[in-house]
Amino acid sequence: MSSAHRPAPRAERLARARSWLGPVLVAVLAGALRFRHLGRPRDLIFDETYYAKDAWSMLRLGYEGVWPDRRTADPQLLAHPQTVPLSDTGAFVAHPPAGKWVIALGEWTFGLDPFGWRFMTAALGTLSVLMLCRIGRRLFRSTLLGCLAGALMAVDGLHLVMSRTALLDLVVMFFVLAAFGCLLIDRDHARARLAAALPTGPDGRAGTGVRPWRIAAGVCLGLAAATKWNGLYVLVLFAVLTLLWDAGARRTAGAAAPYRTVLRKDLGPSVLSLLPVAAVTYLATWTGWFRSTDGYGRHWADGRGGTWSWIPAPLRSLWHYESAVYEFNVGLHTPHSYQSNPWSWLVLGRPVLFHYRSPKSGQDGCHTAADCSQTVLALGTPLLWWTACCALVYLLYRWALRRDWRAGAILCAVAAGYLPWFLYQDRTVFSFYAVVLVPYLCLAVAMALGALATGPPDATPARRLRGTVAAGVPVLLIVWNFIWFFPLYTGQTIPYTAWQSRMWLATWI
């Protein structure tokens, strides 16, 4: 091969390396923030008292066992030497097992201590930042905007807190984001196959072949639903989204009736590669319960007749168990001081206090004459979330009036993670559930700031310079805002007056 042909592969490899370098550097920053002093506070904060224990129980038993009251069990788990007062009696629990298996992986590796039960959420939080950089790059065809979206998520307070806490919602966020990325790749591959088929199928009716990325999305969505049931709503809306993408691809390829072609060519394969795959994945996460003899309700259907007796007894037992779980979840009306209505989530109306201590002077890092505060507050970086509210309005304009598919994809993901909670106005819900939205809020801000920076296609260099400066200002303010609130996210000991100065809204107290 002549030397004239050699630079192209080398340039291609260099471009590919650059496309990974930025995302990796952003992910390293995110990991440093999430793993720094991960074992602090040394406590079972908020609902860790349930999920850390259930995860350990699943390691030992394959299902959730019964623990003593938290006032008895928590001190025993945190003591030296440690006592693990776990009973093999099956416990009734409110959520499926996948997220607890994830937490259990960290406990299996590092032990039953705060670092162990938080390790996997920190790892998934870090990896999700890398994924968002790459997803943003594919969505916007810009490494810079992709890295901007990832960097914004790296400095979001809610994402940071949930990455450093052994709760389930960060796990749901990770699997939903992975599914979103898989569907984006599937979209590009399907359009490429249609383009390649144009010489033989100029009317846009050619098949798209096997779509492994859509199957991978089905697995991820099954894992999301097997962590918390709100993943089911995402599954439905993402299935609709990908069918709309197929219709757009068919129209571009020349189909005279793209929606009819999608119904004939794509609906069946799409349903089969998402819904059944997700269902099988969901059932697979219950393997430990199926193999057990003492899991809660495991043998409920044994020996029972009736209309559905042809279905295997273990599946009927699981259905009965899950029916009871559904009734529990929709009927959960117990008042809580930090509950909030979904209407207030995007504007951060009521964050959740996960942990609070008030060290006296001279104790636990308190070096002031007055008392200090030590908190872990599940609060998004305020300027990021308030900017995201404006960005979502811009995306509505881009989607409704400009038919920008990128805006539609982001808005669909926000709707899938957010709107279903309005169906449960009487249920006890918390604002940290909104961590599922964080990646798409960051994508929305990145898209809006990118448009502000570049301006219209005929923008002059001076206009683009002004736009870049205007877009850079909110980014710098968001970073400053994150640094300002950082002590409240990580349980640092600060003077009480410093804590008060960070309570910007009365509803945060």
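Counting begins at 1 with the first residue of the sequence.
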| Worked check of side chain to side chain contact (heavy atoms under 4.5 Å, CB included) between Val161 and Leu377 | CA-CA 7 Å; Val161 170; Leu377 184 66; over 6 Å; no
| message | Can you tell me if the gamma sulfurs of Cys220 and Cys182 sit closer than 2.5 Å? | response | no
| Going from CD1 on Ile135 to CG on Leu139, what distance comes out if it is rounded to the nearest 0.5 angstrom? | 9.0 Å
| said: When you compare the side chains of Trp499 and Thr375, does any donor N or O come within less than 3.5 Å of an acceptor on the partner? | reply: no
| said: Once you measure the plane-to-plane angle for Trp289 and Trp286, does it fall in the parallel (<30°), tilted (30-60°) or perpendicular (>60°) bin? | reply: perpendicular
| query | Given side chains that start at C-beta, do those of Phe354 and Met162 come closer than 4.5 Å, heavy atoms only? | reply | yes
| With side chains defined as the heavy atoms from C-beta onward, is the minimum distance between Leu160 and Thr490 less than 4.5 Å? | yes
| said: Taking the cut-offs as 6.0 angstrom to the six-membered ring centre and 45 degrees off its axis, would you call Arg402 and Trp399 a cation-pi pair? | reply: no
| said: If you count heavy atoms of other groups shown closer than 6.0 angstrom to CH2 of Trp245, is the number above 12? | reply: yes
| query | Counting only N and O atoms by type, is there a donor-acceptor contact under 3.5 Å from the side chain of Tyr63 to the main-chain atoms of Asp88? | reply | yes
| query | Any side-chain heavy-atom pair from Met58 and Trp101 closer than 4.5 angstrom? | reply | yes
| request: Could you label the plane-to-plane angle of the Tyr338 and His336 rings as parallel, tilted or perpendicular, counting under 30° as parallel and over 60° as perpendicular? | output: tilted
| said: For a quick test of reading the model, state the closest non-hydrogen atom pair linking Ala166 to Trp117 and the distance between them. | reply: CB-O, 3.0 Å
| task | Please indicate whether Trp108 has more than 12 foreign heavy atoms, meaning atoms of other residues, nucleotides or ligands, lying under 6.0 Å from its CH2. | result | no
| task | Show the numbers, then the answer: is there a side chain to side chain contact (heavy atoms under 4.5 Å, CB included) between Arg164 and Phe35? | result | CA-CA 8 Å; Arg164 294 171 55 87; Phe35 281 98; over 6 Å; no
| task | Please examine the side chains of Tyr233 and Trp229, heavy atoms only from C-beta on, and report whether any two atoms are closer than 4.5 Å. | result | no
| message | With side chain to side chain contact (heavy atoms under 4.5 Å, CB included) as the criterion, how do Ser142 and Arg137 come out once you've worked through the C-alpha distance, each side chain's angles and the decisive distance to 0.1 Å? | response | CA-CA 5 Å; Ser142 167; Arg137 181 181 184 274; over 6 Å; no
| query | Roughly how far apart are Arg406 CZ and Ile410 CD1, rounded to 0.5 Å? | reply | 8.0 Å
| request: Measure from NZ or CZ of Arg134 to the centre of the six-membered ring of Trp20, then state whether that distance is under 6.0 Å and the direction lies within 45° of the axis. | output: yes
| request: Could you tell me the separation between the CG atom of Leu353 and the CG atom of Leu488, rounded to the nearest 0.5 Å? | output: 9.0 Å
| query | Leu384 versus Asn481: any side-chain heavy-atom pair under 4.5 Å? | reply | no
| task | Might you confirm whether atom CH2 of Trp343 has over 12 heavy atoms from other residues, nucleotides or ligands at distances under 6.0 Å? | result | no
| task | May I ask you to decide if Val479's main-chain N or O and Thr381's side chain share a donor-acceptor pair within less than 3.5 Å? | result | no
| Pair Trp67-Ser87, side-chain hydrogen bond (donor to acceptor under 3.5 Å, both in side chains): steps then yes or no | CA-CA 6 Å; Trp67 296 80; Ser87 165; over 6 Å; no
| note | In Asp371, Asp364, Thr368, the residue satisfying side-chain contact (heavy atoms from CB on, under 4.5 Å) with Pro359 is Asp364
| query | With distance as the sole criterion, is a donor-acceptor pair present between the side chains of Thr493 and Gln374 under 3.5 Å? | reply | yes
| field | Minimum heavy-atom distance Arg398-Ala407, with the two atoms named | value | CB-CB, 3.8 Å
Quick one: side chains of residues 118-129, donor-acceptor pairs under 3.5 Å with protein atoms, not counting sequence neighbours, listed by atom name and distance.
{"from": "Arg118", "atom 1": "NE", "to": "Glu48", "atom 2": "OE2", "distance (Å)": "2.9"}
{"from": "Arg118", "atom 1": "NH1", "to": "Leu38", "atom 2": "O", "distance (Å)": "3.1"}
{"from": "Arg118", "atom 1": "NH1", "to": "Pro41", "atom 2": "O", "distance (Å)": "3.0"}
{"from": "Arg118", "atom 1": "NH2", "to": "Pro41", "atom 2": "O", "distance (Å)": "3.0"}
{"from": "Arg118", "atom 1": "NH2", "to": "Asp43", "atom 2": "O", "distance (Å)": "2.8"}
{"from": "Arg118", "atom 1": "NH2", "to": "Glu48", "atom 2": "OE1", "distance (Å)": "3.2"}
{"from": "Thr121", "atom 1": "OG1", "to": "Arg118", "atom 2": "O", "distance (Å)": "2.9"}
{"from": "Thr121", "atom 1": "OG1", "to": "Ser163", "atom 2": "O", "distance (Å)": "3.2"}
{"from": "Thr121", "atom 1": "OG1", "to": "Thr165", "atom 2": "O", "distance (Å)": "3.3"}
{"from": "Thr126", "atom 1": "OG1", "to": "Ala122", "atom 2": "O", "distance (Å)": "2.9"}
{"from": "Ser128", "atom 1": "OG", "to": "Leu124", "atom 2": "O", "distance (Å)": "3.3"}
{"from": "Ser128", "atom 1": "OG", "to": "Gly125", "atom 2": "O", "distance (Å)": "2.7"}
{"from": "Ser128", "atom 1": "OG", "to": "His159", "atom 2": "NE2", "distance (Å)": "3.1"}

| query | Would you call the rings of Phe485 and Trp508 parallel, tilted or perpendicular if under 30° counts as parallel and over 60° as perpendicular? | reply | perpendicular
| query | Is it true that the side chains of Lys53 and Thr49 contain a donor and an acceptor less than 3.5 Å apart? | reply | yes
For residues 431-449, dump all side-chain donor-acceptor pairs below 3.5 Å to protein atoms at least two apart in sequence or in another chain.
{"from": "Ser431", "atom 1": "OG", "to": "Arg350", "atom 2": "O", "distance (Å)": "2.9"}

| remark: dist Tyr496:OH -> Ser373:OG (nearest 0.5 Å) comes out at 6.5 Å
| field | Taking every non-hydrogen atom, the tightest pair across Leu346 and Cys389 | value | O-SG, 3.6 Å
| Does Ala239 offer a backbone N or O that forms a donor-acceptor pair with the side chain of Thr242 under 3.5 Å? | no
| Any side-chain heavy atom of Thr227 within less than 4.5 Å of one from His95? | no
| task | Look only at the side chain of Tyr296 and the backbone of Thr89, and say whether a donor-acceptor pair between them is shorter than 3.5 Å. | result | no
| query | Is the side chain of Glu107 donor-acceptor paired with the backbone N or O of Trp56 at a distance under 3.5 Å, no angle test? | reply | yes
| field | Mutual orientation of the aromatic rings belonging to Phe238 and Phe180 [parallel < 30°, tilted 30-60°, perpendicular > 60°] | value | tilted
| task | Report yes if some heavy atom in the side chain of Val352 is under 4.5 Å from a heavy atom in the side chain of Leu379; otherwise report no. | result | no
| Ala91 to Val66 - nearest heavy-atom pair and separation | CB-CG2, 3.9 Å
| message | Once rounded to the nearest 0.5 Å, what's the spacing between atom OG1 of Thr428 and atom NE2 of His333? | response | 7.5 Å
| field | N/O donor-acceptor pair under 3.5 Å between Gln82 side chain and Leu112 backbone | value | yes
| said: Which label fits Phe92 and Tyr321: parallel for a plane angle under 30°, tilted from 30 to 60°, or perpendicular past 60°? | reply: tilted
| field | side chain to side chain contact (heavy atoms under 4.5 Å, CB included) between Thr334 and Leu332, intermediate numbers included | value | CA-CA 6 Å; Thr334 306; Leu332 184 60; 4.1 Å; yes
| message | Quick one, Asp113 with Arg42, criterion salt bridge (charged side-chain N to carboxylate O under 4.0 Å, His left out). Give me CA distance, side-chain angles, the key distance, then yes/no. | response | CA-CA 8 Å; Asp113 58 33; Arg42 183 175 169 74; 5.7 Å; no
| message | Quick check on Phe422: does its CZ atom have over 12 non-hydrogen neighbours (other residues, nucleotides or ligands) under 6.0 Å away? | response | yes
| message | Ignoring hydrogens, what is the shortest heavy-atom contact between Lys228 and Asp169? Give both atom names and the distance. | response | NZ-OD2, 2.9 Å
| query | To the nearest 0.5 Å, what is the distance between CG (Leu221) and CG (Leu232)? | reply | 9.5 Å
| Expected output: side-chain Thr454 to main-chain Arg464 donor-acceptor under 3.5 Å | no
| field | Close side-chain approach of Arg427 and Asn329, heavy atoms under 4.5 Å | value | yes
